[in-house]
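Lettering follows sequence order; numbering is per chain, from 1.
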Amino acid sequence: MAAGVAAWLPFARAAAIGWMPVANMPMPVAPSEKNKRQDELIILNVSGRRFQTWRNTLDRYPDTLLGSSEKEFFYNEESKEYFFDRDPDVFRSVLNFYRTGKLHFPRYECITSYDEELAFFGIIPEIIGDCCYEEYKDRKRENAERLMDDQEDNKDAKLPNMTFRETMWRAFENPHTSTMALVFYYVTGFFIAVSVITNVVETVPCGSSPNQKEVPCGERYTVAFFCMDTACVMIFTVEYLMRLFAAPSRYRFMRSVMSIIDVVAILPYYIGLVMTDNEDVSGAFVTLRVFRVFRIFKFSRHSQGLRILGYTLKSCASELGFLLFSLTMAIIIFATVMFYAEKGSSSSKFTSIPASFWYTIVTMTTLGYGDMVPKTIAGKIFGSICSLSGVLVIALPVPVIVSNFSRIYHQNQRADKRRAQKVQKARLARIRISKTGSAVQSSAFLHSKRNGLFNEALELTSSIDEDQRLSKSTSLLESQHHHLLHCLEKTTNHEFVDEQYYQQSYLEAGMQNYPSRSPSLSSQDGVTGTCCTRRSKKHHKPLPNTSAPAHIPPLKHTHQLGLQELSTIHIQPLSTSRSSLNMRVDEQAPLNCQSSQITTAIISIPTPPVTTPEGDAHLPAGPAHQNVVKVSAL
Amino acid sequence: MSCRKRCKREIFKFAQYLFRLITGSLNNDSVEDELELSAVRHRPEGLEQLEAQTRFSRKELQILYRGFKNECPSGIVNEETFKEIYAQFFPQGDATTYAHFLFNAFDTDHNGSVSFEDFVMGLSILLRGTVQEKLNWAFNLYDINKDGFITKEEMLDIMKAIYDMMGKCTYPVLREEAPRQHVEVFFQKMDKNKDGVVTIDEFIDCCQNDENIMRSMHLFENVL
């Protein structure tokens with residue numbers, strides 16, 4: 001229960017008097033408060049700084065160090081205070097958690113020291129309130145990344161038995177690993193540069209003989225350029241084949257962007273070799289030469305900045321798409337308008353709407369070549385509006401792209417954020433458990449009902465000491481809350497059961513459930529109402545009005561009926577062990593690890609055959625038959 | 001508001017919007033400050049007066065107030081907060097309707113909020129009052145319109161609210177007639193002259209003759 005709400009439990013219990021005149025049955029006995037102490041101040045001395053609080057405040061979270069009896073280990077007899085040799089600044093947050101129920105993460109704290117303090121005091125960090133949780137997670141992730149980076153520096157260390165292939169691949173990926181790799185890296189870089197420069201210089205007009213027109217160098221020194229090209233392509237081919245050989249997954253390598261660029265860069269040469277003779281396709285061959293410029297993209301292996309740019313463009317695809325889309329819309333609108341505006345004027349260059357596209361693009365990007373100019377007044381007005389809007393339309397998405405680039409440059413992947421979102425869901429689940437959210441509350445109530453039944457059974461067989469052991473496991477608050485729920489059960493003559501048992505009984509009888517207004521928290525709403533029939537089994541009549549012990553067996557029977565289901569549904573126990581805080585709600589958790597509080601007993605009850613609670617969970621189909629049952633537990 | 005007035009108001013707002021659009025004024029903190037006055041703060045009467053008016057000791061009042069103030073720093077509980085708090089105790093069902101009735105029972109001056117005085121006086125009756133007073137309080141709770149009679153409809157509403165708190169997963173499965181049947185049983189027991197309503201005297205009489213009820217009235221005495 002939330003810390004503050006626990007203070008209202010006396011009110012809720014008092015208000016239960018409102019049910020009394022309506023109830024037809026006697027109410028259960030209220031839990032006695034055996035060791036009810038007056039609320040007292042306790043002093044917590046943390047490295048010299050004294051904190052004082054009420055004892056009840058600390059008791060709100062019995063799963064932590066301060067809330068449990070573990071703090072007695074730190075009790076100092078002479079000064080009558082609890083002494084902790086820990087950081088007092090962080091302790092402030094810890095103590096505030098008890099007071100307000102919310103855990104905050106101070107921004108100036110170091111994340112590791114905070115984590116250590118939380119671990120010492122037995123508080124799980126997932127409880128950190130939403131106000132501080134993002135910050136906490138960010139810092140934690142940064143820290144983890146820093147640790148990972150430190151570890152990665154050792155990753156380059158050569159593992160002892162790497163095959164030749166693996167060595168080669170490592171050399172290709174990280175050039176600094178060995179001298180050979182470095183040499184290879186620089187050689188390929190050099191040749192890429194040479195190839196690109198060759199392609200460029202090829203088209204420059206070299207000096208000419210006086211009677212001939214200017215020829216580009218490529219045609220003048222054909223042989224030289226051809227040799228250069230061949231050399232480069234050979235180097236690239238060798239490099240590509242070596243990478244293909246060394247790649248751990250060849251298929252994946254062949255699909256990667258870099259390898260496609262490699263292939264596209266060297267293919268035109270080979271195609272050209274093959275097709276030199278055929279004159280018809282030499283025109284196409286010339287076009288293919290264009291692809292040689294893709295060699296420049298091979299530089300991206302050598303430059304981190306290029307890679308980041310590529311990554312940015314990829315990740316800003318939506319903004320770029322938006323930019324393109326809005327530009328297209330604006331172009332079409334303005335082109336149409338300009339066309340019709342300029343239709344009247346003679347010798348207008350705006351011959352068609354597609355022809356006006358060119359004008360619109362040039363104007364909107366504020367280039368303004370001046371090859372197409374509107375002459376009519378309407379055309380000029382619309383032309384000015386066009387250029388003004390062009391500035392706006394282009395200026396809007398650009399800062400987004402820029403900021404994206406800088407963000408990606410400084411910080412890393414989005415995959416981390418996606419991972420964090422998954423953790424967020426897990427975190428919410430854990431908060432629900434540890435804060436004894438309703439799922440646990442109701443199950444805690446059901447669990448204690450089971451315990452309470454064993455209690456009654458044990459009383460019947462007069463074993464007193466187990467009784468005491470059972471009852472001490474629940475805190476006073478819990479037992480009072482359960483008493484309240486028990487009173488409600490008695491008032492309405494119905495009992496709380498858990499979801500699975502309810503489904504079973506529902507499916508069995510095929511009844512319409514009461515149209516209650518809110519679903520239980522763990523409800524799976526697949527079951528809808530069917531027509532209403534009265535349950536035929538006679539033990540399901542509402543329990544009669546007396547409190548004779550003869551009617552306890554039916555009660556037990558109904559609970560034993562559900563015991564197998566409950567045993568597999570069993571969720572968090574009421575134990576004060578701190579490890580339970582970190583347990584997840586696991587609907588398949590077997591009973592045996594939790595039933596350390598249930599002791600051995602022999603119960604004779606009219607139930608279907610029950611062997612051990614930790615066993616199977618198959619529901620006995622038929623009605624009950626008498627049996628002596630030995631129920632054993634751990 | 002009549003149609004003309006509404007039209008005028010809309011036109012005025014539109015004109016304002018156009019004006020702001022053209023002149024490019026940036027701030028739009030126009031209407032939101034009308035709502036949400038600063039949080040109401042309520043300070044309770046002094047400890048001595050409360051001690052005199054209720055049957056709690058000084059220490060108990062201190063403990064009660066500390067808990068109260070923790071949940072409601074403004075000093076009063078409004079219905080929403082009340083419903084939320086009460087619903088936390090009944091996670092399996094829907095406690096809002098019953099909390100509504102309870103709220104009305106505590107809010108004796110019907111001003112829509114429960115102050116600490118209301119809270120503590122209600123508790124004083126429930127925990128330290130005589131049986132007569134407790135029964136009186138219960139009657140007040142059931143009598144929704146506070147006319148001095150409990151009709152079948154009122155009782156049915158209360159009963160449905162109580163059954164709602166049980167939620168869906170009960171054993172035996174809750175049927176639609178369960179509250180109605182329960183109301184019938186109740187009226188059979190309480191309505192002596194069979195006139196279809198239960199008056200306060202019938203109620204108190206009947207409860208005093210029922211030993212179950214009398215015993216359960218003393219159930220929560222050691223709550224604080």
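For A/Trp19, the parts sitting under 4.5 Å from any heavy atom of chain B are the backbone and the side chain alike. Only the side chain of B/Val77 comes within less than 4.5 Å of a heavy atom in chain A; its backbone stays farther off. Interface remark: B/Val185 contributes side-chain atoms only to the contact with chain A (heavy atom separation under 4.5 Å). For chain A, no part of B/Phe187 is nearby; none of its heavy atoms comes within less than 4.5 Å. Contacts between B/Phe119 and chain A at a heavy-atom distance below 4.5 Å involve the side chain alone, from C-beta outward. If you measure heavy-atom distances from B/Leu141 to chain A, the contacts under 4.5 Å come from the side chain alone. Using a 4.5 Å cut-off between heavy atoms, B/Tyr98 touches chain A through its side chain atoms alone. Residue contact with chain A, scored on non-hydrogen atoms closer than 4.5 Å, involves the side chain of B/Met190 exclusively.
Across A/Ala16, A/Ala15, A/Cys487, A/Pro28, the residue that shares the most heavy-atom pairs under 4.5 angstrom with chain B is A/Ala15. Per-residue heavy-atom pair counts under 4.5 Å with chain A were compared for B/Ile158, B/Thr170, B/Ile125, and the maximum is reached by B/Thr170. Interface remark: of the candidates A/Gly18, A/Ala12, A/Pro21, A/Pro21 forms the most heavy-atom pairs closer than 4.5 Å to chain B. Counting heavy-atom pairs under 4.5 Å between each of B/Thr96, B/Ile162, B/Leu135 and chain A puts B/Ile162 at the top. When each of B/Arg66, B/Met165, B/Lys134 is checked for heavy-atom pairs under 4.5 Å with chain A, B/Arg66 comes out on top. Counting heavy-atom pairs under 4.5 Å between each of B/Met217, B/Met166, B/Met155 and chain A puts B/Met166 at the top.
In this structure, the side chains of B/Tyr86 and B/Phe103 stay at 4.5 Å or more apart for every pair of heavy atoms.
A salt bridge does not link B/Glu202 to B/Lys189: none of the charged side-chain nitrogens sits closer than 4.0 Å to a carboxylate oxygen. Checked for salt-bridge contact, B/Arg180 and B/Glu184 miss the test: no charged N lies under 4.0 Å from a carboxylate O. The residues B/Arg55 and B/Glu133 are annotated as salt-bridged, a charged nitrogen and a carboxylate oxygen being separated by less than 4.0 angstrom.
At distances below 3.5 Å, at least one donor-acceptor pair connects side-chain atoms of B/Asp143 with backbone N or O atoms of B/Asp147. One N or O on the side chain of A/Arg60 and one on the backbone of A/Arg99 form a donor-acceptor pair closer than 3.5 Å. The main-chain N or O of B/Asn111 is found under 3.5 Å from a side-chain atom of B/Asp107 such that the two form a donor-acceptor pair.
Test B/His182, B/Lys152, B/Gln181 against B/Met159 for side chain to side chain contact (heavy atoms under 4.5 Å, CB included) and you get one pass: B/His182.
Residues forming a salt bridge (charged side-chain N to carboxylate O under 4.0 Å, His left out) with B/Glu51 (at least two apart in sequence, or on another chain): B/Arg58.
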